[in-house]
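Reading through the structure tokens given below for one structure.
Being a predicted model, the structure only gives us computed values, none of them experimental. Within every chain, numbering begins at 1; the chains are lettered A, B, ... in the order of the sequence lines, protein sequences first and strands thereafter.
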There are 2 protein chains.
Amino acid sequence: METTWTHRLREAGLRVTRPRLSVLDVLSAHPHADADTIVTGARAQHPTLSPQTVYGVLEALVSVGLARRIEPAGAPALFELRVGDNHHHLVCRSCGAVADVDCAVGAAPCLSPSDTAGFVVDEAEVVFWGLCRRCHGQAAEESETVGGAST
Amino acid sequence: METTWTHRLREAGLRVTRPRLSVLDVLSAHPHADADTIVTGARAQHPTLSPQTVYGVLEALVSVGLARRIEPAGAPALFELRVGDNHHHLVCRSCGAVADVDCAVGAAPCLSPSDTAGFVVDEAEVVFWGLCRRCHGQAAEESETVGGAST
DNA sequence: CCCCTTGTTTTGAACGAGTCAAATCAAGGG
DNA sequence: CCCTTGATTTGACTCGTTCAAAACAAGGGG
């Protein structure tokens, strides 16, 4: 349904505007998009949209819990619509691709550090670093080539 | 021993210079310092030290494995000398204080996401978010005051 | 249906953290 | 003591993001 976002926005106490619907559309199509990707994508529907507006929309969505911001080290922030389940992420060191992971084993094993040093912990954020299938495949090919085989 | 760092640097194939020793000193005293703190601290020993030099030193230390860089979301990067054990961190949402945590339960439970979506994972990074003892205490005091009690 | 209020968007400038590049300098082997 | 090469310095610059003021429009009240 097309008007689902309209309802979600109003339920959250936000006005329904074109920039917001465009951003939500882009996020549906790109589940882990950075601000720049969102600006570019949203301009398909709203060509005059400015980056600042997108930042404003994203902040509004995050603050009412319709979107979540993730910030992998060394990369611009990413936004996703999957909220409320505190899932984690796989990040490719080579191409930056991101995939979702449900919390590792059972409920929330990572929420139990052995010694919290007096901290009251409310969230455990986990990032798995590695290579995505494609980049890992390329790395393997290259080492083969280096090894001698060609073509 | 004062010359320990001298040996470590040489072992790593790095020249021993004043900026490097100063940075290492500051990191010993501040186990989770950001670049700015390091610049300020190191200037006690080397007043003309520039930020760019510190960035250079830090990059050198990280690249040879004498230091580790951590990047909590929404804050400047921090550097620490505790390396080689892939421990994790507690971060205070209020004041930014950081404490070390040994990996949660047993060996490395977090290194086993249920479904890796084709990724080859080489590291699991865990950040526990919450409030440190001091900030949690202040928050409690304030809600008490709001609730009615005083003094 | 129009007006008014208030939240949004727009415009444009500014910021902090970090990077890049060329020139100078000094560590430490010969 | 000199020379090579890596390290530091200087300065400009980039990127992602935030700030502020003015123009605008969503949508409730009359």
_What verdict does the side-chain contact (heavy atoms from CB on, under 4.5 Å) test give for A:Leu131 and B:Phe119, after you've listed the backbone C-alpha separation in whole Å, the side-chain angles of each residue and the deciding distance to 0.1 Å?_
CA-CA 5 Å; A:Leu131 293 175; B:Phe119 281 58; over 6 Å; no

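In this model, no side-chain donor or acceptor of A:Arg20 finds a partner on the base of C:dT8 within 3.5 Å.
Look at NE2 on A:His46: it is 13 Å from P on D:dC24, rounded to the nearest Å. One can place CD of B:Glu11 at 14 Å from P of C:dG28, the figure rounded to the nearest angstrom. Between B:Leu61 atom CG and D:dT8 atom C1' the separation is 14 Å, expressed in whole Å. Distance, A:Arg15 CZ to D:dA26 P: 9 Å, rounded to whole Å. Between the P atom of D:dT8 and the CG atom of B:Leu49 lies a distance of 9 Å, rounded to the nearest Å. Counting to the nearest Å, the P atom of D:dC24 and the CZ atom of A:Arg18 are 16 Å from each other. Across the protein-nucleic acid pair, A:Ile38 atom CD1 and C:dT9 atom P stand 14 Å apart, rounded to whole Å. Separating the CG atom of B:Asp36 from the P atom of C:dG16 is a distance of 11 Å, rounded to the nearest angstrom.
Heavy-atom nearest nucleotides on DNA chain C were determined for B:Phe79 and for A:Gln52, and the one closer to the 5' end corresponds to A:Gln52.
In this model, the phosphate group of D:dA25 is not approached by any side-chain N or O of A:Thr17 to a distance below 4.0 Å at OP1 or OP2. Contact annotation: A:Tyr55 side-chain N/O to D:dT18 OP1/OP2 distance is not under 4.0 Å.
Of the candidate nucleotides D:dT9, D:dT17, C:dG18, D:dT9 has the atom lying nearest to any side-chain atom of B:Thr53. Among the nucleotides C:dG28, C:dG18, C:dT8, the one closest to the side chain of B:Val16 is C:dG28.
One N or O on the side chain of B:Arg43 and one on the backbone of B:Leu49 form a donor-acceptor pair closer than 3.5 Å. Proximity of a side-chain donor or acceptor of A:Arg18 to a complementary backbone N or O of A:His46 within less than 3.5 Å is not detected.
Looking at heavy-atom distances under 4.0 Å, A:Ala60 makes no contact with the nucleic acid at all. Among the atoms of the strands shown, only primed sugar atoms or phosphate atoms (P, OP1, OP2) are found under 4.0 Å from some heavy atom of B:Arg10.
A:Glu123 and B:Arg93 are joined by a salt bridge, as a carboxylate oxygen and a charged side-chain nitrogen come within less than 4.0 angstrom of each other.
Among pairs with a residue in residues 28-39 of chain A, those fulfilling side-chain hydrogen bond (donor to acceptor under 3.5 Å, both in side chains) read A:His32-A:Glu80, A:His32-A:Asp100, A:Asp34-A:Thr37, at least two apart in sequence or across chains.
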